[in-house]
Amino acid sequence: MIASELLKKDAQHIWHPLTQHKTALPPLAISHAQGNYLYDHEGNKYFDAISSWYTCSYGHVNPALTQALKDQVDQLHHVVFAGMTHEPAVRLSEKLLSILPDNQEKLFFSENGSTSVEIALKMAFQYHFNRGEKRLAVVALEGGFHGDTFGAMSASGLSVYNGPFEELLIEVIRIPAPTSENMEIVLQQVEQLIAENDIASFIYEPLVQGAAAMQMNDASGLCRLIRRFRESGILSIADEVMTGFGKTGSHFASSQIQNRPDIICLSKALTGGIMPMAITSCTQEVYDAFLHDENSRGFFHGHTYSGSPLGCAVAAAGIDLLVSENIQEGIKHISLSHAGFLDQLKQHPAVGDVRHCGVILAFDLAAEMQRYGNERNLIFQWFWKRGVFLRPLGKTIYLVPPFTTTAEELKFLYDTILEFLDSRAV
Ligand SMILES: *Cc1c(COP(=O)(O)O)cnc(C)c1O
C-alpha cells in the first residue's frame, strides 16, 4: 500500500495513543525497520535515537531474537498460565533471576508496564491486608510516571492529563525526588508522612525518571529512603520499566543502589521490542505473605496472555544478548562517548541543564517550551528531516540509542545535535 492510501485509511479507522486527533499532524508511515534504523515507504531511513520508547535496545529485527521467536513458533504459542507451565517461562525465570538484585525470588507475568505496576501496587496492598494491617496510602516521587491504568496513573505525578479521573484515583502522597541538596528535608517530610498515614508502599523510578524528561535522582538518597520505609514495614517498589536491562549502565538501576527494593517492575526492553510482555518480581517475604490454606489469601490477579511462551522465548534470548560481551562493550562505549559529548554540550550557549546515566543522555534547551507544543513539534521535524528519530519532551532533548549503536552513528547523532544547537544560537 502506498503511504498516502495508508494514511487515508488510518484516519478512517484508527485512534492513536496520546494523540489529540483534531490538531495532530498525520502519523508517519513506517514500512520496516532493521538494526538501528526505521524506514519509511519512500525508502528514507531514520536513526532510532530513543530505541522506539526504550524497547529495541538490541536493534530492530535482531537476528538472535527473531530466531528465538521462530524456534518457539513451531512449539507452543499460548496456553493458560493458571495451573499450567512451560519450558520457556522456566528458562526465562532462571536467566532473569540470575541477573536481578539477589533478594528477588519470584516472578509474576503480565503484558505491559502499566499492568506490571498495577500488580506491584496490588501485591503491596494485599501483603499488608493478609498480615491483618489496613494500609491504603502509596508514596511516590514528584514527576514520576508509572503508566496509564488506574493504579499506575494514580502513582504518576505528571497529572496534566489525569484531569477527568482525578477524583477516582487511589491515595498517593508525593515527595520530591531525592538530591544531595534536599535529602535532609525529604527525610523529615517522610518522618511526618509515616507518623500520620498508613502507608503500604513507596514506588519510584530508580536513578532516572523517564517521562519527567529524564530527570536523574540520587542513588544514595533512594537508598536512605528505602531503608527508612523498610523500618516501618513499607514495601519499596522499583519501577524499572524504562531503566531495566542495561540502560543505566548496569543490568538494572537498582543494582547501583545498596538497599534492595521488595518489588521490581519490568517491561519495555524485556523482549527487545518484539512482544508485549511485563514481569513484576518480588522477594520471598512478599510471596510468603500470600501462602495460606484459605484460597482468598492468594493473589487473584491474572491476564489472559500471562507468561506468553513466545514472549518468554524472546525475553530469554534478550538476556543472553544483554550479558554478552558485545552488548556490554556497546553499553560501556556509548556511556563513555555520552560523557565526552556532555562536556561539549555544556559549553554551548543554547543549552541549559545537561545529564547522563549509562546510555541515557538528556539536555535542556535554554528556553521555555510546552511539553507537546508547537515548537517542540518543529524540533521533532527538524531532526526527522535529517534522518534522526527522537521525541523531545518540552525543552528536553534526549537520546536512548540501541546498544548496537556504532562510534560513527554516535558521531552522526552528536553532529546533528550540534548543528541543531548552532541553528538556534544565531
Ligand atoms: C513506559 C512506562 C510505564 C508504562 O508502561 P506501558 O507498557 O506503556 O504500559 C511504566 N513505568 C515506566 C517507568 C515507564 O517508562
Side-chain angles (χ1 to χ4, degrees), residues 15-19 50-57 108-124 138-162 165 169-170 172 174 177 201-217 222 236-248 252-254 256-257 261 263-281 301 303 305-306 308 311 314-315 318 357-360 362 371-372 390-391 393 396 398-400:
W15 189 343
H16 285 269
L18 306 172
T19 301
I50 61 159
S51 305
S52 285
W53 267 342
Y54 336 129
T55 57
C56 55
S57 293
F108 195 98
F109 292 78
S110 64
E111 296 105 353
N112 60 70
S114 302
T115 53
S116 77
V117 168
E118 213 71 26
I119 287 161
L121 295 171
K122 283 179 70 177
M123 260 182 196
V138 174
V139 174
L141 297 183
E142 282 169 9
F145 176 75
H146 301 288
D148 287 337
T149 52
F150 265 91
M153 177 171 65
S154 305
S156 298
L158 293 161
S159 58
V160 257
Y161 302 114
N162 291 350
F165 317 109
L169 302 180
I170 62 173
V172 175
R174 257 170 259 291
S201 61
F202 163 51
I203 185 165
Y204 58 97
E205 293 162 87
L207 302 188
V208 186
Q209 295 185 285
M214 301 295 164
Q215 287 305 322
M216 303 202 178
N217 52 46
L222 286 174
S236 290
I237 302 171
D239 179 351
E240 296 235 22
V241 170
M242 193 283 286
T243 53
F245 302 100
K247 296 190 201 81
T248 63
F252 301 95
S254 293
Q256 297 180 43
I257 302 169
I263 300 176
I264 300 179
C265 305
L266 303 167
S267 187
K268 292 204 164 118
L270 169 62
T271 61
I274 295 200
M275 300 282 296
M277 188 157 114
I279 289 180
T280 308
S281 71
H301 184 111
H303 300 285
Y305 280 97
S306 289
S308 154
V314 171
C357 178
V359 307
I360 305 168
R371 194 173 165 84
Y372 295 118
L390 45 72
R391 281 178 57 94
L393 280 168
T396 305
Y398 65 91
L399 305 176
V400 188

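All ligand and atom numbering here is 1-based and tracks the order in the structure. Remember, it's a predicted structure, so these values are computed and weren't measured experimentally.
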Worksheet item: Is a side-chain N or O of Thr55 found less than 3.5 angstrom from the main chain of Gly272, in a donor-acceptor match?
Response: no
Response to the item:
A student checking ligand 1 against Gly113 at a 4.0 Å heavy-atom cut-off should list atoms 4 (C), 5 (O), 6 (P), 7 (O), 9 (O)
Worksheet item: Short question: side chain of Gln215, backbone of Gly143 - any donor-acceptor pair under 3.5 Å?
Response: no
Worksheet item: N/O to N/O below 3.5 Å, does that happen between Lys268 and ligand 1?
Response: yes
Practice prompt. May I ask you to identify the nearest protein heavy atom to atom 8 (O) of ligand 1, giving residue, atom name and distance to one decimal place in Å?
Written response: Ser114 OG, 4.5 Å
Discussion item. For Glu205, which part has a heavy atom under 4.0 Å from ligand 1: side chain, backbone, both, or neither?
Written reply: side chain
Discussion item. Given 3.5 Å as the limit, does a donor-acceptor pair link the side chain of Ser114 with the main chain of Asp148, or not?
Written reply: yes
Discussion item. For Gly151, is there any backbone N or O sitting under 3.5 Å from a side-chain donor or acceptor partner on Glu118?
Written reply: yes
Worksheet item: Is there a donor-acceptor contact under 3.5 Å from the side chain of Glu240 to the main chain of Pro206?
Response: no
Fill in: Contact check: Gly147 vs ligand 1, nitrogen or oxygen atoms, below 3.5 angstrom
no
Worksheet item: So, Glu142 side chain and Gly157 main chain: donor-acceptor pair closer than 3.5 Å or not?
Response: no
Worksheet item: So which protein heavy atom does atom 11 (N) of ligand 1 come closest to, and at what separation?
Response: Asp239 OD2, 2.7 Å
Discussion item. Distance under 4.0 Å to a non-hydrogen atom of His146: what atoms of ligand 1 satisfy this?
Written reply: 10 (C), 11 (N)
Discussion item. Among all the protein's heavy atoms, is there at least one whose distance to atom 5 (O) of ligand 1 comes out below 4.0 Å?
Written reply: yes
Item to complete: Indicate yes or no for a side-chain donor-acceptor contact from Asn217 to the backbone of Leu207 under 3.5 Å, with no hydrogens or angles considered.
Response: yes
Worksheet item: For ligand 1, does Trp53 get within less than 4.0 Å through its side chain, its backbone, both, or neither, judged by non-hydrogen atoms?
Response: neither
